[in-house]
Trainee: 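This structure is in structure tokens; I'll ask about it shortly.
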Amino acid sequence: MTSTDASTPDARSAQEIADADERRRHREEARMIRTREAAARKNTASKDGQWAAGDRTPLNPNEEMKAAGDPLEVRQRIESMYSKWGFWSIPPGDLRGRFRWWGLYTQRRQGIDGGKTAVLEPHQLDDEYFMLRIRSDGGQLSVAQAREIGRISSEFGRDTADVSDRQNIQLHWIRIEDVPEIFRRVEEVGLLCTEACGDVPRVILGSPVAGIAKDELIDPTPQIREIMDRYIGSPEFSNLPRKFKTAFTGTRVPDILHEVQDVAFCAVEHPELGVGYDLWVGGGLSINPHLGVRLGVFVRPEIAHEVWKGVVSIFRDHGYRRLRTRARLKFLVKAWGGEKFLQVLQDDYLGYELPKGPAPELASRGDRGDHVGIHQQADGRYYVGVAPVAGRVSGEKMQRIAQIAESVGSDRIRLTPLQKILVLDIPEDRVSDVVNGLRALELESEPGEFHRNVIACTGIEYCKLAIVETKATAREVVKVLDEKFPTLDNPITVHVNGCPNSCARVQIADIGFKGQLVLDEESGEQVPGFQVHLGGRLGRGEDNDFGRKIRAHKVTQSGMPEYVERVTQNYLEDRESADESFADWAFRADEELIK
């Protein structure tokens with residue numbers, strides 16, 4: 001064996017030294033960048049970059065990128081230049097910035113482990129492929145739209161298709177050369193990629209049962225459509241401080257997680273003014289979670305678009321632009337409070353007062369809000385809701401779902417904020433045909449509790465921010481736990497996130513897993529794992545809360561199914577009654593029972 005053999009102790013030590021030097025170099029470069037940024041902002045340190053305060057100086061690279069020109073204009077360059085010249089012709093400002101305004105993110109290069117996520121430069125993480133997000137506002141798809149998404153996936157995306165918890169479809173392995181044709185075909189069936197990502201109004205969440213639910217007060221589809229037609233793709237709102245999330249529901253009990261949206265409109269019935277919406281603002285999760293604030297005002301359906309415009313305009317004009325970490329609406333609402341926010345909305349943006357109104361109904365025991373199962377519609381027909389594991393489907397499955405819906409005379413498919421799929425307008429005598437057809441695709445209308453209640457973000461498989469695997473981990477949890485607890489009598493939601501950003505809403509799950517590197521006690525090495533959040537809950541009014549964290553407690557990725565099994569068993573043995581929910585138990589349980 002020669003002295004240069006990679007298996008010798010000396011060679012391994014040399015590699016370790018080289019890796020340590022590389023990490024030190026990256027840390028020093030990061031420190032120098034922070035020093036330069038601090039020096040550049042020396043005279044604006046007290047400012048938050050609010051346009052309304054006269055501060056239009058771009059205070060970070062993202063603001064500089066947007067100030068150089070409307071990011072929406074990048075589409076022309078995609079179609080006339082980059083799609084013809086190839087991936088390496090795309091400059092960084094477009095590639096990792098403006099492309100997002102058209103639903104495109106560079107995909108993570110395969111084989112890069114989670115330990116390198118925060119170490120490598122962006123160009124080292126980039127693959128030559130893209131994730132493409134297709135908007136389906138309100139979660140609404142026609143048969144033709146679902147079929148075309150499936151075809152695009154099969155032809156251009158290696159048959160990938162994931163239902164996100166924002167009611168989008170996400171494809172992977174997209175080449176820049178194919179993007180113009182994909183845009184053409186998406187738009188030909190009435191869908192958009194416009195502002196699917198970026199510092200813009202993202203896809204509008206809507207009740208998946210809009211227009212058909214028995215308990216519906218109002219169908220919010222016209223309000224969603226009006227906002228889409230008036231404002232999406234408009235330069236008026238194509239440069240916000242950061243992303244802006246909207247939700248509408250017409251059901252008596254909200255089913256769009258209204259407490260964690262930037263703005264939410266929840267159906268209520270005013271004793272004098274009839275049916276309209278209750279207004280919420282400033283919700284959000286990520287690293288600094290904040291529950292939305294109810295403003296206590298009644299919004300008539302015909303002015304909903306004006307109120308929406310007022311709220312998003314406040315964010316555009318008063319939002320904090322200096323630091324990306326404080327650039328969401330929730331930070332402004334937290335600083336101002338609901339009373340001031342409403343006053344500014346009415347005085348400066350609407351020009352009229354909104355009447356006081358009632359609050360939406362609270363969820364009661366048994367209200368799941370996921371719409372899984374077989375349900376009768378208001379018109380006597382039925383809809384069937386199924387649960388793909390963690391939202392993962394495929395192009396082929398999307399085409400088969402469209403075929404199943406079409407075969408029973410339906411032209412309406414819905415996606416949900418919990419990564420579920422619904423087929424609407426099914427005649428009673430054809431329900432079993434739909435159920436069996438979807439079951440053949442591993443899409444269950446009567447899934448086990450863990451299958452039904454798991455959601456997961458994209459994870460390290462494709463996402464450049466991720467540290468751990470999510471989709472496969474979620475599937476393993478479902479496989480193990482549904483076998484262990486086939487008759488679980490209370491739902492337990494499990495949300496799996498690949499990084500601290502909470503795309504999978506870990507803080508509001510019964511058991512939420514936030515990806516990070518953790519210390520494996522057996523090996524003494526850092527391995528992929530999770531911080532745990534327990535007992536998150538929404539839909540309970542003043543009893544809403546984020547999950548409980550156990551100080552210094554972490555779970556390895558490989559040990560995650562065993563952890564969920566242990567905690568579930570402890571819950572079943574220690575709960576005070578069958579009526580005690582997991583969330584309530586998790587907040588009162590001794591720490592040893594939830595470790």
Side-chain angles (χ1 to χ4, degrees), residues 108 113-119 162 164-166 243 245 257 259-260 283-291 324-325 328 330 389-391 417-419 450 453-478 481 492-521 526-538 544-568 582-583 586-587 589 591 594-595:
R108 186 189 189 93
D113 65 61
K116 299 289 181 63
T117 296
V119 174
D162 290 337
S164 81
D165 58 15
R166 294 296 304 176
K243 58 189 172 184
K245 297 182 177 181
L257 304 132
E259 303 98 329
V260 292
L285 295 175
S286 195
I287 297 171
N288 295 289
H290 185 253
L291 290 171
R324 294 285 288 178
T325 53
R328 291 294 302 276
K330 62 186 176 182
V389 176
L418 296 174
Q419 298 181 326
F450 286 97
N453 294 306
V454 69
I455 72 171
C457 71
T458 300
I460 200 170
E461 183 178 11
Y462 300 119
C463 179
K464 294 185 299 179
L465 300 178
I467 302 168
V468 300
E469 171 58 56
T470 55
K471 299 287 189 184
T473 305
R475 182 173 287 276
E476 184 64 20
V477 167
V478 167
L481 274 297
I492 297 178
T493 59
V494 178
H495 294 190
V496 188
N497 211 78
C499 75
N501 288 323
S502 202
C503 294
R505 308 188 190 109
V506 294
Q507 296 100 327
I508 61 172
D510 286 320
I511 309 177
F513 292 98
K514 184 167 67 178
Q516 57 186 237
L517 294 179
V518 304
L519 185 67
D520 181 12
E521 294 182 359
Q526 281 198 321
V527 298
F530 303 93
Q531 181 186 56
V532 182
H533 297 249
L534 292 163
R537 49 185 182 249
L538 296 182
N544 290 333
D545 208 342
F546 296 123
R548 171 185 179 185
K549 290 186 288 188
I550 313 168
R551 187 179 298 276
H553 179 61
K554 305 290 189 293
V555 175
T556 65
Q557 179 178 311
S558 61
M560 179 179 156
E562 180 184 350
Y563 171 79
V564 178
E565 178 185 352
R566 182 170 67 252
V567 172
T568 300
F582 182 92
F587 264 83
E591 198 166 283
I594 54 178
K595 279 189 173 181

Trainee: Just say parallel, tilted or perpendicular for the rings of Phe530 and Phe513, cut-offs at 30° and 60°.
Mentor: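 It falls in the perpendicular class, over 60°.
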Trainee: Ignoring hydrogens and angles, tell me if any N or O in the side chain of Lys471 forms a donor-acceptor pair with the backbone of Gly391 under 3.5 Å.
Mentor: no
Trainee: Roughly how far apart are Thr556 OG1 and Glu562 CD, rounded to 0.5 Å?
Mentor: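 Spacing of OG1 (Thr556) from CD (Glu562) equals 8.5 Å.
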Trainee: Identify the heavy atoms of His553 and Tyr563 that sit nearest to each other, and give their distance.
Mentor: NE2-CE1, 3.6 Å
Trainee: How close do Gly115 and Asp113 get, counting heavy atoms only, and between which atoms?
Mentor: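 Answer, listing the atom of Gly115 first, then Asp113: N-OD1, 2.8 Å.
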Trainee: With rounding to the nearest 0.5 angstrom, report the CD to CG distance, Gln526 to Leu517.
Mentor: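 So the CD of Gln526 and the CG of Leu517 are separated by 5.0 Å.
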Trainee: Hey, is the main chain of Ala466 close enough, under 3.5 Å, to the side chain of Thr117 for a donor-acceptor pair?
Mentor: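 Checked: pair present.
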Trainee: Grab the two heavy atoms, one from His290 and one from Phe546, that are nearest each other, plus how far apart they are.
Mentor: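 For His290 versus Phe546, the nearest heavy atoms are N-CZ, 3.7 Å.
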Trainee: Taking all non-hydrogen atoms of both residues into account, name the closest pair between Val496 and Ala504 and its distance.
Mentor: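 That would be O-CB, 3.4 Å.
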Trainee: Run Lys554 and Leu519 through side chain to side chain contact (heavy atoms under 4.5 Å, CB included) and show every step you take.
Mentor: CA-CA 8 Å; Lys554 305 290 189 293; Leu519 185 67; over 6 Å; no
Trainee: Can you check whether Cys503's main-chain N or O pairs, donor with acceptor, with Asn501's side chain at less than 3.5 Å?
Mentor: no
Trainee: List the atom of Val532, the atom of Val555, and the distance in Å for their closest heavy-atom pair.
Mentor: CG2-CG2, 3.6 Å
Trainee: Assess whether side chain to side chain contact (heavy atoms under 4.5 Å, CB included) is satisfied between Asn453 and Leu418, documenting all intermediate values.
Mentor: CA-CA 8 Å; Asn453 294 306; Leu418 296 174; over 6 Å; no
Trainee: Measuring from atom CD of Glu259 to atom CG of Leu257, what distance do you get when rounded to the nearest 0.5 angstrom?
Mentor: 7.0 Å
Trainee: Determine whether a donor-acceptor pair (N or O, by modelled atom type, separation under 3.5 Å) exists between the side chain of Gln419 and the backbone of Ala456.
Mentor: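 Checking the backbone N and O of Ala456 against the side chain of Gln419, a donor-acceptor pair under 3.5 Å is found.
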Trainee: Please name all residues satisfying side chain to side chain donor-acceptor pair (under 3.5 Å) with Gln531, sequence neighbours left out, ordered by chain then number.
Mentor: Lys514, His533
Trainee: Once rounded to the nearest 0.5 Å, what's the spacing between atom CZ of Arg505 and atom CD1 of Ile455?
Mentor: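 It comes to 5.5 Å.
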Trainee: Pairing donors with acceptors under 3.5 angstrom, does anything connect the side chains of Thr493 and Asp510?
Mentor: yes
Trainee: I need the Leu465 CG to Ile460 CD1 distance, nearest 0.5 Å.
Mentor: 11.0 Å
Trainee: Nearest 0.5 Å, what's the CD1-CZ distance between Ile287 and Arg328?
Mentor: 12.0 Å
Trainee: Please report the C-alpha distance between Glu591 and Arg551 in whole Å, then the side-chain angles of each, then the deciding distance to 0.1 Å, and finally whether the side chain to side chain contact (heavy atoms under 4.5 Å, CB included) criterion is met.
Mentor: CA-CA 10 Å; Glu591 198 166 283; Arg551 187 179 298 276; 6.0 Å; no
Trainee: Which atom names give the shortest non-hydrogen contact between Ala474 and Val454, and what distance separates them?
Mentor: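 In this case the closest contact between Ala474 and Val454 is CB-CG2, 3.7 Å.
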Trainee: Who passes side chain to side chain donor-acceptor pair (under 3.5 Å) against Gln557, sequence neighbours left out?
Mentor: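 So Gln557 forms no side chain to side chain donor-acceptor pair (under 3.5 Å) with any residue.
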Trainee: Output all residues satisfying salt bridge (Lys or Arg N to Asp or Glu O under 4.0 Å) with Lys549, sequence neighbours left out; order by chain, then residue number.
Mentor: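 Listed in chain order: nothing, the list is empty.
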Trainee: For the side chain of His495 and the backbone of Gly512, is there at least one donor-acceptor N/O pair under 3.5 Å apart?
Mentor: no
Trainee: Listed by chain and number, what are the salt bridge (Lys or Arg N to Asp or Glu O under 4.0 Å) partners of Glu521, not counting sequence neighbours?
Mentor: none
Trainee: Would the distance check show the side chain of Lys330 and the main-chain N or O of Asn288 forming a donor-acceptor pair, the cut-off being under 3.5 Å?
Mentor: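 At least one qualifying donor-acceptor pair exists.
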Trainee: Sequence neighbours left out, what passes side chain to side chain donor-acceptor pair (under 3.5 Å) with Arg324? Give chain and number order.
Mentor: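 With neighbours one apart ignored, the set is Asp199.
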Trainee: Report the residues that fulfil side chain to side chain donor-acceptor pair (under 3.5 Å) with Thr568, sequence neighbours left out, ordered by chain and then residue number.
Mentor: none
